[in-house]
Amino acid sequence: MKDFLLVFRTDFSKMPQASPEQMQAMAKRWMDWFGSIAAQNKLGDRGNRLVPGSGKVVKPDNVVTDGPYMEIKESIGGYAIVKAKSFEEATDLAKGCPVLNYGGNVEVREVMAM
């Protein structure tokens with residue numbers, strides 16, 4: 001099995017304001033999706049959400065800027081590590097991601113062992 005990084009991207013400016021009930025339903029969809037991957041013993045390090053609009057970017061010559069860049073339409077909302085035999089299998093796991101229901105997308109990347 002190989003490790004794959006799933007990066008959850010969405011345009012937060014297009015996310016509708018959700019009621020507490022809608023937020024709870026959304027959280028349940030995420031938990032169910034993660035649970036289904038874990039039940040297949042394919043969930044690597046647990047995934048996490050990232051704090052929207054926070055972060056720094058470190059560049060060459062010790063230049064540090066605020067980030068992420070909010071002027072871009074999509075931003076990274078979270079990530080997960082999954083275990084799969086191939087890109088195709090990892091991509092199939094990503095197809096159930098709840099971010100797809102909100103106009104987002106999932107970037108699938110193979111993790112290179114160091």
Side-chain angles (χ1 to χ4, degrees):
M1 292 279 226
K2 299 175 184 177
D3 285 344
F4 291 86
L5 173 69
L6 304 183
V7 180
F8 315 128
R9 298 179 183 272
T10 194
D11 182 349
F12 288 103
S13 69
K14 293 185 179 179
M15 295 284 290
Q17 190 70 301
S19 70
E21 294 81 17
Q22 291 169 319
M23 290 176 66
Q24 188 174 9
M26 188 183 319
K28 183 175 179 343
R29 284 190 285 276
W30 279 95
M31 292 175 67
D32 289 348
W33 180 64
F34 274 116
S36 70
I37 295 171
Q40 298 172 60
N41 203 27
K42 293 182 180 175
L43 187 60
D45 294 337
R46 67 187 179 115
N48 283 297
R49 291 178 60 187
L50 302 174
V51 176
S54 70
K56 301 283 184 187
V57 177
V58 179
K59 298 180 178 182
D61 298 321
N62 295 319
V63 174
V64 179
T65 63
D66 288 333
Y69 303 109
M70 296 311 289
E71 65 271 10
I72 61 173
K73 290 184 179 183
E74 291 181 344
S75 60
I76 298 172
Y79 67 93
I81 302 288
V82 297
K83 298 185 176 299
K85 294 177 184 172
S86 65
F87 257 113
E88 292 75 21
E89 184 179 12
T91 301
D92 284 343
L93 292 172
K95 288 179 181 177
C97 183
V99 78
L100 301 172
N101 298 324
Y102 309 104
N105 61 71
V106 181
E107 180 180 344
V108 180
R109 302 283 304 268
E110 185 174 348
V111 176
M112 182 185 303
M114 298 294 283

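When all heavy atoms of Leu5 and Tyr79 are compared, the closest pair comes out as CD1-CB, 4.0 Å. Nearest heavy-atom pair, Gly103 versus Thr10, reported as atom, atom and distance to 0.1 Å: C-OG1, 4.5 Å. When all heavy atoms of Tyr102 and Met26 are compared, the closest pair comes out as OH-CG, 3.3 Å. Heavy-atom minimum distance, Ala90 versus Val108: CB-CG1, 3.8 Å. Residue Phe4 comes nearest to Ala84 through the heavy atom pair CE1-O, 3.6 Å, listed as atom of the first residue, atom of the second, then distance. Taking all atoms of both residues into account, the shortest heavy-atom contact from Val82 to Ile37 is CG1-CG2, 4.1 Å.
The 12-atom threshold is exceeded at CG of Asn101, counting heavy atoms of other residues, nucleotides or ligands nearer than 6.0 Å. Within 6.0 Å of atom CZ in Arg29, more than 12 heavy atoms from other residues, nucleotides or ligands are found, so the atom counts as buried in its surroundings. Counting heavy-atom neighbours within 6.0 Å of Met31 CE, excluding the residue itself, gives a total of 12 or less.
Each of Lys85, Lys83, Arg109 was compared with Asp3 under the salt bridge (charged side-chain N to carboxylate O under 4.0 Å, His left out) criterion, and only Lys83 meets it.
Using a 4.5 Å cut-off between side-chain heavy atoms of Ile, Leu, Val, Met, Phe, Trp and Tyr, with links allowed through other members, Val106 and Ile76 fall into different hydrophobic clusters. Under a hydrophobic clustering in which Ile, Leu, Val, Met, Phe, Trp and Tyr are joined whenever their side-chain heavy atoms come within less than 4.5 Å, directly or via other members, Leu100 and Leu93 fall into the same cluster. In this structure, Phe8 is a member of the same hydrophobic cluster as Phe87, with clusters built from ILVMFWY side-chain heavy atoms closer than 4.5 Å. Taking hydrophobic clusters as Ile, Leu, Val, Met, Phe, Trp and Tyr residues chained together by side-chain heavy-atom distances below 4.5 Å, Leu50 shares a cluster with Ile81.
Here the CE atom belonging to Met1 is positioned 5.5 Å from the CD atom belonging to Glu89, to the nearest 0.5 angstrom. Note that CE of Met23 is 8.0 Å distant from CD of Gln17, once rounded to the nearest 0.5 Å. Taking CG from Asn105 and CG from Leu6, the interatomic distance works out to 11.5 Å, rounded to the nearest 0.5 Å.
Taking the charged nitrogens against the carboxylate oxygens, Lys95 and Asp92 do have a contact shorter than 4.0 Å, which makes a salt bridge.
Checked by atom type and distance alone, the side chain of Trp30 never pairs as donor or acceptor with a backbone atom of Val99 at under 3.5 Å.
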